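A short write-up of the structure that comes next.
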Protein chains: 4
Amino acid sequence: MANYNRTILMGNLTADPEKRFTKDGSAVTNFTVAVNGPPSKDPDREDEVLFMPCVTFGKTAEAVGKYLSKGDPVLVDGRLRTDKWEQDGEKKSRTVLRVGLVQFLGRKGEASGEPEGASDGDLSF
Amino acid sequence: MANYNRTILMGNLTADPEKRFTKDGSAVTNFTVAVNGPPSKDPDREDEVLFMPCVTFGKTAEAVGKYLSKGDPVLVDGRLRTDKWEQDGEKKSRTVLRVGLVQFLGRKGEASGEPEGASDGDLSF
Amino acid sequence: MANYNRTILMGNLTADPEKRFTKDGSAVTNFTVAVNGPPSKDPDREDEVLFMPCVTFGKTAEAVGKYLSKGDPVLVDGRLRTDKWEQDGEKKSRTVLRVGLVQFLGRKGEASGEPEGASDGDLSF
Amino acid sequence: MANYNRTILMGNLTADPEKRFTKDGSAVTNFTVAVNGPPSKDPDREDEVLFMPCVTFGKTAEAVGKYLSKGDPVLVDGRLRTDKWEQDGEKKSRTVLRVGLVQFLGRKGEASGEPEGASDGDLSF
DNA sequence: TTTT
DNA sequence: TTTT
């Protein structure tokens with residue numbers, strides 16, 4: 001059976017990333033990327049915004065926790081996953097992006113030509 | 001501000017697509033694509049599956065409604081969007097894929113070499 | 001038969017774009033994007049760089065010709081195509097990216113937080 | 001500086017893949033994928049076809065050499081690279097896709113629903 | 001819950 | 001809610 005799963009987003013962090021550690025000591029970092037759609041032509045409709053919850057692991061998680069903060073622009077590349085859990089006996093689910101590669105695109109409102117780096121999970125050139 | 005939004009998935013329809021029409025007569029078709037992850041190594045954890053709700057519009061929506069059904073393999077290419085609504089006074093949201101391009105990959109369990117077509121939204125070669 | 005063709009690159013213009021017009025008056029703009037690979041670990045090997053020749057048409061071509069110049073960072077999204085021609089009786093070919101969407105990512109060495117725009121071919125959100 | 005490089009193609013092998021081994025014994029497999037564009041509306045112009053030279057390494061290269069042959073449909077995901085060499089004192093270059101992930105989509109003209117596998121480079125779900 |  |  002044929003399966004493929006790839007998402008590429010560019011946008012801004014809605015808040016500082018949250019880093020935690022698993023029992024075996026490896027980092028897991030969560031953050032949300034806001035990706036704006038085009039300005040709506042209809043003045044009564046607000047612009048479309050995608051708020052995408054993201055997770056990273058390992059080295060990438062370390063880098064994200066260390067270098068990114070609220071408002072920073074990033075490009076993320078990863079695979080979508082349905083997260084499932086129960087809350088008050090109710091089944092809940094949401095789509096999360098498991099990010100393999102993060103490209104830092106500068107700081108919030110700062111120079112773009114230069115200072116970024118890449119946190120390249122396992123996706124080498 | 002820099003934004004980009006692209007998702008490419010390959011998987012199978014979880015059910016027959018649901019076609020409806022807007023007031024102005026254009027088609028809107030909803031369906032869900034199941035994308036399997038790799039078989040889990042841990043026998044106690046079930047395999048990861050992504051269930052991605054998809055929407056299509058216009059000509060693509062017509063084609064999807066006409067040619068696809070439960071189980072059929074497809075490749076979809078589109079942009080993610082956060083859908084928001086209220087239910088019993090509670091704010092709800094979920095991520096939906098607005099599909100621009102659908103590639104039919106044959107019918108459920110049928111020959112793949114030949115019979116597919118493409119429903120190419122506005123994304124021409 | 002099933003076909004799909006998508007390329008997403010982020011890099012910098014190697015030179016000012018070249019705009020021309022077709023007989024029917026629509027714009028065609030050519031440019032090349034340099035995409036750097038990761039720094040080579042082997043000090044004797046030079047870093048990998050991709051030089052990708054790109055073409056754009058219509059409104060996107062106008063915008064590229066007007067707003068981009070040598071060194072500017074961009075994200076491009078499009079489809080690859082094999083260009084063929086004859087030179088001195090020899091058959092030549094090369095791969096070119098037909099760009100549908102260009103995201104301006106600021107000017108060479110300039111602020112990134114703000115001044116970019118998007119030239120969105122036919123790929124609406 | 002911000003760089004990103006991703007290509008996703010679906011098409012058919014133009015010939016049997018060619019496997020060789022590096023001095024250190026790891027496999028390198030070359031093949032070309034033909035990706036058809038939409039049927040040309042102009043009957044005098046032949047349809048666009050992309051012929052993309054691809055390389056794979058390691059485990060993926062083994063799998064490609066073992067399971068794929070001329071005509072087989074595949075999805076490939078990777079990064080573009082400019083290959084340079086000299087021929088008769090002339091500098092030559094061409095674009096090649098360094099494939100990280102290969103999805104087998106069945107055999108030439110065979111059933112698609114079932115028999116494929118994935119050769120997942122380092123790009124796990 | 002949200003970013004620019 | 002789920003597909004192969």
Side-chain angles (χ1 to χ4, degrees), chain A residues 1-5 9-18 30-39 46-54 68-76 82 84 90-95 105-110 112, chain B residues 1-5 9-18 30-39 46-54 68-76 82 84 90-95 105-110 112, chain C residues 103-106 111-118, chain D residues 103-106 111-118:
Chain A
M1 227 207 23
N3 289 279
Y4 182 73
N5 187 334
L9 300 176
M10 205 162 123
N12 301 78
L13 294 222
T14 62
D16 289 347
E18 291 179 13
N30 289 76
F31 58 99
T32 296
V33 176
V35 183
N36 297 297
E46 53 179 328
D47 294 358
E48 289 182 12
V49 186
L50 167 70
F51 292 105
M52 176 56 55
C54 299
L68 291 180
S69 49
K70 181 175 176 172
D72 287 347
V74 281
L75 180 148
V76 291
T82 304
K84 293 173 177 183
E90 247 190 309
K91 285 187 178 176
K92 304 267 191 175
S93 74
R94 67 168 192 168
T95 307
L105 302 174
R107 307 215 136 265
K108 181 188 180 181
E110 197 209 319
S112 111
Chain B
M1 228 207 25
N3 289 280
Y4 181 73
N5 188 335
L9 301 175
M10 205 162 124
N12 301 79
L13 294 222
T14 61
D16 289 348
E18 292 179 13
N30 289 77
F31 57 99
T32 296
V33 176
V35 183
N36 297 297
E46 54 179 327
D47 293 358
E48 290 181 10
V49 187
L50 167 69
F51 293 106
M52 177 54 56
C54 298
L68 291 180
S69 49
K70 182 176 175 172
D72 287 347
V74 281
L75 180 148
V76 291
T82 304
K84 292 174 176 183
E90 245 190 311
K91 285 187 178 176
K92 304 267 191 174
S93 74
R94 68 168 191 168
T95 306
L105 302 174
R107 308 216 136 264
K108 182 187 178 182
E110 195 209 320
S112 109
Chain C
Q103 260 289 358
F104 306 154
L105 301 175
S112 111
E114 291 306 304
E116 323 82 352
Chain D
Q103 260 289 359
F104 306 155
L105 301 175
S112 110
E114 292 306 305
E116 324 82 350

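Naming convention: chains lettered A, B, ... in sequence-line order (proteins, then strands); numbering from 1 in each chain. Fair warning: this is a prediction, and the values are worked out from it, not measured in the lab.
Taking only side-chain atoms of B/Asn36, from C-beta outward, the nucleotide of E/dT3, E/dT2, F/dT3 with the closest atom is F/dT3. When the nucleotides E/dT3, F/dT4, E/dT1 are ranked by their closest atom to the side chain of B/Asn12, F/dT4 comes out on top.
Although no hydrogens or angles enter the test, the distance criterion places a donor-acceptor pair under 3.5 Å between the side chain of B/Thr82 and the main chain of A/Phe51. The backbone N or O of A/Arg107 sits nowhere less than 3.5 Å from a side-chain atom of A/Asp72 that would complete a donor-acceptor pair.
For B/Phe31 and F/dT4, the CZ to P distance is 16 Å, given to the nearest whole Å. Per the geometry, CG belonging to B/Asp16 stands 12 Å off P belonging to F/dT3, to the nearest Å. Nucleotide F/dT4 holds its P atom 4 Å from the NZ atom of B/Lys108, rounded to whole Å. As rounded to whole Å, 8 Å separates atom C1' of F/dT2 from atom NZ of A/Lys84. With rounding to whole Å, A/Met10 atom CE is found 15 Å from E/dT4 atom P. F/dT3 atom P lies 17 Å from atom CZ of B/Arg107, rounded to whole Å. Per the geometry, CG belonging to A/Asn30 stands 15 Å off C1' belonging to E/dT2, to the nearest Å. Atoms CZ (A/Phe51) and P (E/dT2) sit 7 Å apart, rounded to a whole Å.
Residue A/Gly11 is out of contact with every strand shown, counting any heavy-atom pair closer than 4.0 Å.
Within 6.0 Å of NZ on A/Lys92 lie more than 12 heavy atoms contributed by other residues, nucleotides or ligands.
In plain terms, the two heavy atoms of A/Val35 and A/Leu9 that are nearest each other are CG2-CB, 4.1 Å.
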